[in-house]
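Since we're looking at a predicted model, the values are computed, not measured.
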Amino acid sequence: MPAETAAAPTESTPAPAKRGRKPGSTARKTRTVELTLTVTGTLDGEWQAELSHSGSRVVQGLAIPAAAVSRAAAELHEDISKAIESVLDVAREQHQARLAELEEELTKVKQALADLQEG
């Protein structure tokens with residue numbers, strides 16, 4: 001008695017092409033928005049921001065305080081914060097040195113004024 005074999009479907013037959021999303025993919029195409037924020041500063045502590053949207057300037061030359069730059073950098077990323085804080089530290093040191101010079105000069109001027117008033 002010959003063995004009967006069941007007819008197996010052939011795997012070489014291609015499945016009909018389907019339209020639309022790939023099966024199992026629930027991702028939707030995401031629209032991206034291109035915004036570029038440029039923050040520039042000087043060692044004198046003067047900071048400015050510029051915002052561009054898709055290549056056109058939205059905001060230009062907006063003065064911002066150094067403390068706001070520091071807070072924003074801390075919110076964005078630790079590496080960004082470290083880089084900006086190092087620049088701010090140099091600016092702080094320069095301002096502290098200038099303050100010490102001015103205080104010394106003020107002391108000399110007060111002494112000279114006191115000497116003039118005693119006479």
Exercise. Passes side chain to side chain contact (heavy atoms under 4.5 Å, CB included), R98 versus L102? Steps please.
Worked result: CA-CA 6 Å; R98 179 72 177 135; L102 291 172; 3.6 Å; yes
For this session: Tell me, with the steps shown, if R71 and E75 meet salt bridge (charged side-chain N to carboxylate O under 4.0 Å, His left out).
Result: CA-CA 6 Å; R71 286 191 307 271; E75 288 289 322; over 6 Å; no
For this session: Mind checking the CD-CD spacing from E101 to E103? Nearest 0.5 Å is all I need.
Result: 11.0 Å
Seminar exercise, completed: Interatomic distance, CD@Q117 vs CG@D115, rounded to 0.5 Å, equals 9.5 Å
Exercise. From I80 CD1 over to E85 CD, what is the distance, rounded to the nearest 0.5 angstrom?
Worked result: 12.5 Å
Exercise. With side chains defined as the heavy atoms from C-beta onward, is the minimum distance between Q111 and T107 less than 4.5 Å?
Worked result: no
Exercise. Hey, are the side chains of L51 and T36 touching, using non-hydrogen atoms and a 4.5 Å cut-off?
Worked result: no
Problem set entry | Spacing of I84 atom CD1 and L76 atom CG [to the nearest 0.5 Å] | 8.0 Å
Problem set entry | Where H53 and L35 come nearest, the two heavy atoms and their spacing | CD2-CD2, 3.4 Å
Exercise. Do S70 and L88 come close enough that some side-chain heavy atom pair is under 4.5 Å?
Worked result: yes
Exercise. Is the shortest heavy-atom distance from the side chain of W47 to the side chain of T40 under 4.5 Å?
Worked result: no
